[in-house]
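This is the structure I want to talk about, given as structure tokens.
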Amino acid sequence: MKVIYNDGTTGVCEDSAEKLHILRHSAAHIMAQAVKRLYPCAKFAYGPANEKGFYYDIDLGDIKLTDADLVAIEKEMKAIVKENLPIKPFILPRNEAVKLMQERGETYKVEHIADLDETEPISFYQQGDYIDMCRGPHITYTKALKAFKITGQSGAYWKNDSNNKMLTRINGTAFETQEELDNHMKMLEEAAKRDHRRIGKEMNLFMFAEEAPGFPFFLPNGMAIKNTLIDYWREIHKRDNYVEISTPLIMNRHLWETSGHWDHYKDNMYSTTIDDETYCIKPMNCPGGVMVYRSKPHSYRELPMRVGELGVVHRHELKGALHGLFRVRCFTQDDAHIFMRREQITDEIAGVVHLINEVYNKFGFKYYVELSTRPENSMGSDEDWEAATNGLIGALNKLNMPYTINEGDGAFYGPKIDFHLEDSLGRTWQCGTIQLDFQMPLNFGLEYVDEKGEKQRPIMIHRVCFGSIERFIGILTEHFAGKFPVWLAPVQAKVLLVSEKSAEYAKKVYNTLRDAKVRVELDNRNEKIGYMIREAQTVDRVPYMVIIGQKEAEEGIVSIRNRDTAQTTEMSLEEFLSKITAEIKDRV
RNA sequence: GCUGAUGUGGCGCAGUUGGUAGCGCAAUUGAUUCGUAAUCAAUAGGUCGAGGGUUCGAGUCCCUCCAUCAGCUCCA
């Protein structure tokens, strides 16, 4: 693909990712040109390419765009492409650049120039009468943009700051060929079919009600998944020498002042008044865990103490942020707090990283790791923050774990390692996190007695694997498109009755499976077998359909239809029982 | 919280310029006893998100709230 740079030279771009990025960036310009033609008052802010496509943030004054307007903009873009305008760069010294943008009423660009390096000259790209301040490079003619689509509009703050004015963001995407664009649109449709909110409704996993926005109700099927995950969690934690506790949901304000949450997290905490005193509903489990530690003296011999808690927390999230199980106001953290000595930091963090890695591999998730450093509004000394941050970096380096740094995104009490899982739409969600904390032990005066009989202050790790069990179930639902592996499936086997003549045998098969603790259901309705299979396959997504008719009853066997292969296999009931129970036990 | 959109029986949807709510699936009942992705028929089910207003008359028009969706911001 031929591209032009801001010094006017041209070149050929071979790298496919880079090509796509340039193409999309040029698409953003062409869209802006189309918007300017239709809405001369438009002022442009930022208009970059991203991994999904491109967007442009535009100030349209009081104009509100409708879907029809977006269609018109897309049509105008096609016209610009057809005109095949040459795209030409030019460079201006700073003062002339400001002047040009002022003349054209581009106040956001003027503000942008003020943010740029003062010594650098400023480059512009022009196509027809449209001029955009831009670093480039771009395609050389508008006709090189062959496949694009406007995908929607939304609001976006100028410079992504909620204190600033909200602009109109028009989103689009572009590809090198129409075929790639079509495939992309098809992929989005497929992803929408996997939406956990839709599947959760179909499979009766969970529900929401207007009376409790953001607070999920778990239905029997969803509860089966939740409990199965918890069983798994308890098993691996017990193996790794964790103990488990449970602490109160509601504790008084004084505690939250001590922990620092009152100062740093007040706006997100629900509270209530009991006997004229303010009590808070816990948004985090750590103070509870700390109180358990503090309840008696500890020897260095007890450390590290790994204390787990499946804690239900409530946080008042902004209503616009709520999103199915991905973002709720009440969720269960698979939390644990590790109390340890300074020299145990690296080993303990490494142990947690191993555990989280094991859990994610179990489900076949892709993930990446981020290190978040000290935020602006935080507590503690610089030395402690530096020591804590170096502790995390040391452990990551020791494990050769690649990571990126997220500056200033740590918790208010310490830096953290975040694990981000990718969902079916390519969005990433923070799940696991490991936070190193020197503050909470200080605030609560935690101690242990060392080998010399002297009192020392322990260091604390806060960590979760699933993060939020609710969010994790949402991600699992989309990951598997509702076709959960046998061990997780809410209904693991469904007995389907061909005709009432074999009802007695079907009941026996059902009871045998049920007695072996298989999550089994019996469909003995007067329906044709095809009808029952269709429902078990497409709605319930049951891994094994156990078909029982006269043949099976007479021969004392079962016919097993596999959800994933659609193949039917005949076998003895004992054989099926040992197969399915082994799969459940081995968690496959 | 911000920008834009949406809100009709359990679910998915239709309802033309305001005239008193319909369809498919599911449910219930009856018939059928039928072997691998939908058997036929009948029945029942809705104060059209909530509250105000305009009108002789509002699911349709106006206002205010609530919830949801796409994003922004924020976060597990």
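Because the structure is predicted, anything quoted here is derived from the model rather than measured. In what follows, every chain begins at residue 1, and chains take the letters A, B, ... in the order their sequences are listed. Heavy atoms only: backbone and side chains are in, while hydrogens, waters and symmetry mates are out.
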Using a 4.0 Å heavy-atom cut-off, does A:K416 contact any base of the nucleic acid, only the sugar-phosphate backbone, or nothing at all?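 It contacts sugar-phosphate atoms only.
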Under-3.5 Å donor-acceptor pair between A:T568 side chain and B:U36 base: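 In this structure, the two groups form a donor-acceptor pair.
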So which one's nearest nucleotide on RNA chain B is more toward 5', A:K201 or A:G324?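 Closer to the 5' end of RNA chain B: A:K201.
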Evaluate the ring planes of A:F326 and A:W429, with Trp represented by its six-membered ring, and classify them as parallel (under 30°), tilted (30 to 60°) or perpendicular (over 60°).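 Rings of A:F326 and A:W429: tilted, as their planes differ by 30° to 60°.
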To the nearest angstrom, how far is A:H264 atom NE2 from B:C75 atom P?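 About 14 Å, once rounded to whole Å.
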Distance between C1' atoms of B:G45 and B:C11 (Å, rounded):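 That atom pair is separated by 14 Å.
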Is the phosphate of B:A67 approached by A:K319 (side-chain N or O, under 4.0 Å from OP1 or OP2)?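 Indeed, a polar side-chain atom of A:K319 lies that close.
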Do we see A:W429 stacking on the base of B:A76, given a limit of 5.5 Å between centres and 30° between planes?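 By the stated criterion, A:W429 and B:A76 do not stack.
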Tell me whether A:N50 contacts the main-chain N or O of A:K52 through its side chain, where contact means a donor paired with an acceptor under 3.5 Å.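 Yes; judged by distance alone, with no hydrogens or angles, the pair exists.
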Does A:R198 make a side-chain N or O approach to OP1 or OP2 of B:G12 shorter than 4.0 Å?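 Checking A:R198 against B:G12: no side-chain N or O falls below 4.0 Å of OP1 or OP2.
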Say you pick atom C1' in B:U68 and the same atom in B:C25; how far apart are they, in whole Å?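 Taking atom C1' in both B:U68 and B:C25, they lie 23 Å apart.
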When you compare B:U6 with B:U16, how far apart are their P atoms, in angstrom units rounded to a whole number?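 Between the two P atoms, the distance is 14 Å.
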Work out how far the C1' atom of B:U8 is from that of B:C40, and round it to whole angstrom.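 Rounded to whole Å, the distance is 30 Å.
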Does B:A76 have OP1 or OP2 sitting under 4.0 Å from an N or O in the side chain of A:Q430?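 Result: yes.
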If I take atom NE2 in residue A:H261 and atom C1' in nucleotide B:A76, what distance separates them, rounded to the nearest angstrom?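 One finds 13 Å between C1' of B:A76 and NE2 of A:H261, rounded.
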Can you name the nearest heavy-atom pair linking A:Q333 to A:R315, along with the distance?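 It is NE2-NH2, 3.5 Å.
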Any side-chain N or O of A:K159 below 4.0 angstrom from OP1/OP2 of B:U73?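 Result: no.
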Rounded distance in Å - CG (A:D161) to C1' (B:C74):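 So the CG-C1' distance, A:D161 to B:C74, works out to 12 Å.
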For the side chain of A:Y55 and the base of B:G71, is some donor closer than 3.5 Å to an acceptor across the two?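 No.
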Step-by-step ring pair (Phe, Tyr, Trp, His ring centres under 6.0 Å) determination, A:W158 to A:Y46: CA-CA 8 Å; A:W158 165 233; A:Y46 292 139; 5.0 Å; yes
If you go through the side-chain atoms of A:E552, does one of them form a donor-acceptor pair with the base of B:G35 closer than 3.5 Å?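 Indeed, a donor on one side and an acceptor on the other fall under 3.5 Å apart.
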Pairwise P distance for B:U39 and B:A44, with rounding to whole Å: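 That atom pair is separated by 24 Å.
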If we ignore hydrogens and angles and just use 3.5 Å, is the side chain of A:H196 paired with the main-chain N or O of A:L325 as donor and acceptor?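 The answer is yes, because a donor-acceptor pair under 3.5 Å joins these two groups.
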Taking for each residue the nucleotide of RNA chain B with the nearest heavy atom, is it A:A212 or A:G320 whose nucleotide lies nearer the 5' end?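 Checking each residue's closest nucleotide, the 5'-ward one belongs to A:G320.
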Inter-nucleotide P distance (B:U32, B:A50), Å rounded: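 Looking at atom P only, B:U32 and B:A50 are 44 Å apart.
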On the nucleotide B:A70, are OP1 or OP2 found under 4.0 Å from the side-chain N or O atoms that A:H323 carries?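 Checking A:H323 against B:A70: at least one side-chain N or O falls below 4.0 Å of OP1 or OP2.
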Within less than 4.0 Å of OP1 or OP2 of B:A70, is there a side-chain N or O belonging to A:R197?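 Looking at the OP1 and OP2 atoms of B:A70, one of them is under 4.0 Å from a side-chain N or O of A:R197.
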Is any side-chain N or O of A:R315 under 3.5 Å from a base N or O of B:C75, one able to act as donor and the other as acceptor?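 No.
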Same-atom distance (P) from B:A14 to B:U73, integer angstrom: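 Going atom to atom, P in each nucleotide, I get 32 Å.
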For A:F576, is there any backbone N or O sitting under 3.5 Å from a side-chain donor or acceptor partner on A:Y544?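 Judged by distance alone, no pair lies under 3.5 Å.
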Do any N or O atoms of the protein come closer than 3.5 Å to N or O atoms of nucleotides 44-50 of chain B, and which pairs are they?
none

Partner of B:A41 by Watson-Crick or G-U wobble geometry, both contacts under 3.5 Å, or none?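 Here B:A41 is engaged in a pair, and the nucleotide opposite it is B:U29.
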When we call it a touch if two heavy atoms are under 4.0 Å apart, what does A:S559 touch: a base, just sugar-phosphate, or nothing?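 Since a base atom lies under 4.0 Å of A:S559, the category is base.
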Grab the CG-C1' distance between A:N171 and B:A5 for me, whole Å please.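 Going from A:N171 (CG) to B:A5 (C1'), I get 14 Å.
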Please measure how far the P atom in B:A42 lies from the corresponding atom in B:C69, and state the result in whole Å.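 To the nearest whole Å, 38 Å.
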Just by protein heavy atoms under 4.0 Å, how would nucleotides 26-34 of chain B read 5' to 3' in B, S and -? SS----BBB
In whole Å, what is the span from the CD atom of A:Q333 to the C1' atom of B:A76?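 After rounding, the reported distance stands at 6 Å.
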Pairs where residues 555-569 of chain A contributes a residue and the test salt bridge (Lys or Arg N to Asp or Glu O under 4.0 Å) is met, not counting sequence neighbours: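 Passing the test, one end in residues 555-569 of chain A: A:K551-A:E555.
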What orientation do A:H479 and A:F365 show, parallel under 30°, tilted 30 to 60°, or perpendicular over 60°?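 Rings of A:H479 and A:F365: tilted, as their planes differ by 30° to 60°.
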